[in-house]
2 protein chains.
Amino acid sequence: MNETSQLGFALLGLLHQQPMSGYDLRKVFTTTAMAGFSDSPGAIYPALNRLAKGGLVRGAVEKTGSLRTRRVFANTPAGTAALKAWLELPVTRQDVVRGVDLLLLRFAFMDQTLGPVQSTRFLKEFVAAIESYIAELRQFHNLYGNSMPTSGRLAFECGLQQNASYLKWAQSSIAVYQKRKGTK
Amino acid sequence: MNETSQLGFALLGLLHQQPMSGYDLRKVFTTTAMAGFSDSPGAIYPALNRLAKGGLVRGAVEKTGSLRTRRVFANTPAGTAALKAWLELPVTRQDVVRGVDLLLLRFAFMDQTLGPVQSTRFLKEFVAAIESYIAELRQFHNLYGNSMPTSGRLAFECGLQQNASYLKWAQSSIAVYQKRKGTK
DNA sequence: AATGTCATGTAACTAGTTACATGATTTA
DNA sequence: TAAATCATGTAACTAGTTACATGACATT
C-alpha cells in the first residue's frame, strides 16, 4: 500500500549511514550527483515527510541553543527493515535493461547494511544478468547492425561496450571481496 | 512556452526515420529498450497528442479498406525543426552528470538528421565534457576514497570506469567518421 | 468459439519540477 | 550593512504509472 519511491530508498540509504537534515541530504545530491537525483527542496522535503508519515524515518528538531530550526532525520527500525528488503531484492533483467544506476546505488549501500556476503551474492546475480543481456544485444547487433545509420549503430555499440565494462567491474569487485575474505 | 519532454523528442527522432503509429512506437520501446523509456500507452498516446497539439507531428488515419483505425504520425516541418534544434544543443556538463543515456539518444538520431559533420562536432564536445568530469571524479576519489565503505567505493569506481569507457568510445567513434571522410 | 494480437484510448494517482517564499545566521 | 549561505517549506504545473476499457481482426 505504501510504496517507497527510488528517491525514498536513496534517502533511507543515506540516513542509514548517519542521521542528517534535509539540507544535508540535498548537499549530498548536489555534490555527488548520486544516480541523477535532484537536489530540489520540492523533491526532498516532501519525500522525507512521506517517509516520516509511513513511520520509516523520524525527524527530531535539533536544539543547540540556536533558534534556527533544523530537523535531523534518522531511520526507524521499520525504515532500516524497508531498506534491507530493498537491498535484498534479486537482480532482475528489467533492472539491467532500465538503468544500472539504481542497481549501483543499491550496491553502494550494501556493505554497511547487509555485509560482504550479501554484496558478493548481489554481484554474482549482476554478472549473470549482464551476461545474458550482452548476449541479447550482440544477437541484435548481428541481425540489424548493418541496416542502422552510422550514429545509431555507434550508439548501440556504446551500449554494448558499457555493459562489457559493467561486467568487468563486477568480476573484479567479486575478486576484491574474495581477497578480503582470505586476508581476514 | 510549449516545452517538449524527453519522450517527445524520442518520438520526434523515431518519426523522422519513418512515419509510424503509436502502436509501432510502443513496439520500438518494448523491443529495443531505448534509454529506458516506458512502452505504456498511457505515456505514448498522450505524448503524441501533445506533439500534435503543438503542431510538431501530424496524424493521419490510415485507410486500407480495413475498419481498424490506425493513426500514422509524421513530423511536420516545425517538428523536424524542433528535433534539429534539440540535436544541435551543446553538450553541457549537466548532460554528462545527469545521464549520458539522453546524449546517446541524441547522437543516435544525429547522422540522419544533421549529418556526419555535426555528429563529429557533438562527439568532440562530448569528449571534452567527459574528460573534465573524469578529472573531477578522480579528484574526489583521491580525497575521499579511503573513507568510503567498500561497496560505496567500488560503486564510485564503477562510475569512473564507465566514464572512461564513454571516453574511449567517443574517441574511436570520431575516428570512424574521420576514416569515412577519407574514403569518400 | 476462443484466444491472441493489433490498436487506441482514458481515469486516478503519484511524484517530480520550477519557482516562489520566509527567515535566521554568518561572513566580507 | 550587504551578500551569501543555512534551512525549511509550499503551490502550481507536468508528466509518467498502473490499470482499466473497448473493439477489430487473425489464428487455431
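Each chain gets a letter, A, B and so on, in the order the sequences are listed, and its residues count up from 1.
Between the CZ atom of B/R50 and the P atom of C/dT10 there is a distance of 13 Å, rounded to whole Å. Atom-to-atom, CG of B/L48 to C1' of D/dA15 comes out at 14 Å; the value is rounded to the nearest Å. Rounded to whole Å, the distance from CZ on B/R26 to P on C/dT8 is 9 Å. For the pair A/E3 CD and C/dG16 P, the computed distance is 13 Å after rounding to whole Å. Taking atom CG of A/L51 as the reference point, atom P of C/dG16 lies 10 Å away to the nearest angstrom. Rounded to an integer number of Å, the gap from B/F73 CZ to C/dG9 P is 6 Å.
For the OP1/OP2 pair of D/dT5 and a distance below 4.0 Å, the side-chain nitrogens and oxygens of A/R70 include no atom meeting the criterion.
Non-hydrogen atoms lying under 4.0 Å from DNA chain D are contributed by A/S21, A/G22, A/Y23, all within residues 5-25 of chain A. Interface residues of residues 36-45 of chain A facing DNA chain D, ordered by number: A/P41, A/G42, A/Y45; criterion, heavy-atom separation under 4.0 Å.
Rounding to the nearest 0.5 angstrom, the gap separating the CG atom in B/N163 from the SG atom in B/C158 is 10.0 Å.
By the neighbour-count criterion of 12 heavy atoms within 6.0 Å, atom CD of A/Q6 is sparsely surrounded, having that number or fewer from other residues, nucleotides or ligands.
Applying the salt bridge (Lys or Arg N to Asp or Glu O under 4.0 Å) test to A/R71 and every residue at least two apart in sequence or in another chain returns nothing. Annotation: salt bridge (Lys or Arg N to Asp or Glu O under 4.0 Å) contacts of B/R98 (sequence neighbours excluded): none.
Among residue pairs with one or both ends in residues 164-177 of chain A, none qualify as salt bridge (charged side-chain N to carboxylate O under 4.0 Å, His left out); sequence neighbours excluded. The salt bridge (charged side-chain N to carboxylate O under 4.0 Å, His left out) contacts involving residues 12-38 of chain A comprise A/D24-A/R70, where partners must be two or more places apart or lie in separate chains. Counting only residues at least two apart or on different chains, the ring-ring contact (aromatic ring centres under 6.0 Å, His included) pairs with a member in residues 68-91 of chain A are A/F9-A/W86. The list of salt bridge (charged side-chain N to carboxylate O under 4.0 Å, His left out) pairs with a residue in residues 107-135 of chain B, not counting sequence neighbours, reads B/R121-B/E125. Within the structure, the salt bridge (charged side-chain N to carboxylate O under 4.0 Å, His left out) test picks out the following pairs touching residues 148-164 of chain A (sequence neighbours left out): A/R153-A/E157.
Axis orientation changes by 30° from one end of the helix from C/dA1-D/dT28 to C/dA28-D/dT1 to the other, with each end axis drawn from 5 pairs and the value rounded to 10°.
Two residues, B/R71 and A/A47, neighbour DNA chain C, and the one matched to the more 5' nucleotide by heavy-atom proximity is B/R71. Take the nearest nucleotide of DNA chain C for B/K27 and for B/N49: the residue whose nucleotide is more 5' is B/K27.
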Could you tabulate the donor-acceptor pairs under 3.5 Å formed by side-chain atoms of residues 132-140 of chain A, not counting sequence neighbours?
| from | atom 1 | to | atom 2 | distance (Å) |
| --- | --- | --- | --- | --- |
| A/S132 | OG | A/R93 | NH1 | 2.9 |
| A/E136 | OE1 | A/R93 | NE | 3.4 |
| A/E136 | OE1 | A/R93 | NH2 | 2.4 |

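Grouped by direct or indirect side-chain proximity (heavy atoms under 4.5 Å, Ile/Leu/Val/Met/Phe/Trp/Tyr only), A/V117 sits alone.
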